[in-house]
Amino acid sequence: MTRLSRYLLPTERQPPSDAEALSHKLMVRAGLIRQVGSGLWSYLPAGWRSHERTVQIIREELNAIGGQEMLMPVLLPAELWKRSGRYEIDELFKLDDRKGAPMVLAMTHEEVVTSHVAQFVRSYRDLPLTLYHFQTKERDEPRPRAGVLRTREFIMKDSYTFDRDAEGLQISYDAHIDAYDRIFERCGLEFYRVDSDVGMMGGSGAHEYMAPCAAGENEVALAPGYAANVEVASAVASAVPGLPMAGGLPERVSTPGLTTVAEVAGALGVLPGALLKAFPIVVDGGALTLVLVRGDHRVNEFKLRNFLQADFRQASVEEIEAQIGPAGFIGPVGVSIPVLLDESLSTDHAYIAGANQPDAHLTGVVAGRDFPYTRADIRNVEEGDLVGGQAIRIEAAIEVGNIFKLGTRYSEPFAATYLDEQGEQQLVWMGSYGIGPARIMAAAIEQFADEKGISWPRSLAPFDVEIVAVGKPDTPERAAADAVYAGLQAVGLDVLYDDRDLGPGEKFADAELLGCPLRVTVGRRTLESGELEVQVRRGRIAHEGIALDQAGEAVRQLWQTLP
RNA sequence: CGGGGCGUGGCGCAGCCUGGUAGCGCACCUGCUUUGGGAGCAGGGGGUCGGAGGUUCAAAUCCUCUCGCCCCGACCA
């Protein structure tokens, strides 16, 4: 049923008042989705068609690397999550069944799939194994946002690989890289595969697939041959002009009431980069540590956490004043706690730092000579930093997929083991891999929409072609439109036929809002010229020269040339 | 969790300050006209004003509580 007169496609002239992101506005306006609650969305027929096209691309490429599709439940016994140690996660929905047994709603499926594999896999001959499914995920997000970009319930493709050892995992991981590259390519997205944080889960490697666009929640650092999430990105800082070389011993300068880098730099007539920014933290276990970065840099909490191999928190004012000095005037000289020195700080130059006395700073401070330190790369990269001699730029992006080497994180608690050739029991090595089809849709909309609406990549569009019939019902031009409809369907195209009894303006506007890659107009002019009027949605380019009587094949061939 | 904002017909909004018949645009229904870029005329239908309690002769409007939703930040296996 793809006659628009009978199809549920409730388009809106105005976006919902609370929508901010472009994809959110357009998906609602084009009649693809409707909100049910915060972070909860229904897909209307056309939106679901796009979602399912995305799903099918993912399915084909995972099957191509030997993935086996299955289905695991959303509702799970809490026991599984207690065993993996993830029951305490705040985002995990928890509930009781009628007997009072604790249950959870799956936010991902490592626990279930590993418990299955622990049962089935006995021998090295059973490995490797790649399993996947498309299943609803439930996450009690602190802040759902931007339409389908961050929701509390969404469908995810999650796949899991099981191998004998780290080398096997690497092979499975590489196969997923190939499949993912093809998937996002086929989806018509601009995307990057970037290095990403392995987090506290202790995996041995991870990448994210990032689709750059304005609504993105993540930032990626990019340079020729380099792509990384800013959470883990590493680069050479640009030098601070006019930074003095190490010289005489530190001298105290009076800085009454000046507690910020900007204030001190301004008062002393130097660049912010001439200062040491002190960031006191308390590492898990209780040790107070002073983290130093350049005045114009920011501490990167992911990199710091990874370096420490432990969690940490910012020190309280009480802790700072008890063990370091007055807040706003702290520095590394003379303190008795460990100092972490960011790699971008020079040991040959002199910096300005807090004096650990009220209303005073020190100039001429030299790392090593004036205080002991440990080196670490713990700062956020900045636009213009160098990687391999090339300046990086930073772009906002949507995370559309991720791949993660889990290692034995789950095989241990679930005792997923096998017997090797020597009869020795070994742990299975795992990888896990996610893709959010809804985010692919939203990213495609963000990347290619124009002022008229959505402009789908042809692989994701709800329909390949939309026919706009201009003219009254029961006229020769309507009969011609009917014939074109049949002709396009006959060559295998998915066609949406706007046969509504409306003016042409509304139909054109709706067609461009929905954004199918081709729009075919059939009206009196068509009959007069004997030629089909075709508009390529991307760029809104008119395409001429298709004869009405052989429309089907010609339109199909044109469609195949589209992005 | 901190900060800010908003709940009035399907969508977008006004009305609230200063209490007194619930209104506008679009959409919808009927009829006629119109049909190549969001038509015209005429008639019509639809709203417990998020919810509860209170003040008052009278509450969309004032007060209290509460629920929901959005944005920024924090957080994001």
Base B:A77 paired with A:Arg139 side chain (donor-acceptor, <3.5 Å):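 Counting by modelled atom types and ignoring angles, a donor-acceptor contact under 3.5 Å is found here.
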
Check: A:Glu506 side chain, B:G36 base, donor-acceptor under 3.5 Å: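 Side chain to base: no pair present.
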
Could you check which of [options] has an atom nearest any side-chain atom of [X]?
X        : options             : value
A:Gln535 : B:G37, B:C69, B:C11 : B:G37
A:Glu301 : B:G36, B:C75, B:C26 : B:C75
A:Arg150 : B:G36, B:C71, B:C76 : B:C76
A:Val470 : B:C70, B:G36, B:G37 : B:G36
A:Glu12  : B:G37, B:G10, B:G36 : B:G10
A:Pro504 : B:A74, B:C69, B:G37 : B:G37
A:Arg13  : B:C70, B:C72, B:A27 : B:A27

Spatial distance of atom CH2 (A:Trp456) from atom CZ (A:Arg537) [nearest 0.5 Å]: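 It is 12.0 Å, given to the nearest 0.5 Å.
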
Pairwise distance CG(A:Leu76) to CZ(A:Phe93) - rounded to 0.5 angstrom: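 Nearest 0.5 Å value for the CG-CZ distance: 14.0 Å.
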
Would you measure the distance from the [atom1] atom in [N] across to the matching atom in [M] and give it in whole Å?
N     : M     : atom1 : value
B:A58 : B:A22 : C1'   : 15 Å
B:C62 : B:U8  : P     : 16 Å
B:C13 : B:C6  : P     : 12 Å
B:A52 : B:C71 : P     : 28 Å

Test item: side-chain donor near acceptor, A:Asp499 and A:Ser5, under 3.5 Å: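 Checked: A:Asp499/A:Ser5 side chains pair up, N/O donor to acceptor below 3.5 Å.
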
Any donor-acceptor N or O pair under 3.5 Å, side chains A:Thr408, A:Glu412: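 Present: a donor and an acceptor within the cut-off.
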
If the cut-off is 4.0 Å, is [X] near the phosphate of [N], judged by side-chain N/O to OP1 or OP2?
X        : N     : answer
A:Ser17  : B:G12 : yes
A:Arg143 : B:C71 : yes
A:Gln14  : B:A27 : no

Sugar-phosphate, base or nothing in reach of A:Pro144, heavy atoms under 4.0 Å: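 If one applies the 4.0 Å heavy-atom cut-off, A:Pro144 turns out to touch the sugar-phosphate alone, with no base involved.
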
Sugar-phosphate only, base, or nothing, as touched by A:Ala146 at under 4.0 Å among non-hydrogen atoms: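 Sugar-phosphate only.
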
Which residues share a side chain to side chain donor-acceptor pair (under 3.5 Å) with A:Glu512, sequence neighbours left out: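 Applying side chain to side chain donor-acceptor pair (under 3.5 Å) to A:Glu512 gives A:Arg519, A:Gln535, A:Arg540.
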
Over 12 non-hydrogen atoms of neighbours within 6.0 angstrom of CZ in A:Arg298: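 No, the 6.0 Å shell around CZ holds no more than 12 heavy atoms from other groups.
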
RNA chain B: 5'-proximal contact among A:Glu231 and A:Lys507 (nearest heavy atom):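 Whichever sits nearer the 5' end wins; that is A:Lys507.
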
Who pairs with B:C24 - Watson-Crick or G-U, where each distance is under 3.5 Å: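 Across all strands, the one nucleotide that pairs with B:C24 is B:G12.
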
Rounded distance (Å) that lies between atom C1' of B:A74 and atom CD of A:Glu217: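 It is 13 Å, rounded to the nearest whole Å.
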
Value in whole Å for how far the P atom of B:C28 lies from CG of A:Asp501: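 Rounded to the whole Å, the gap is 12 Å.
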
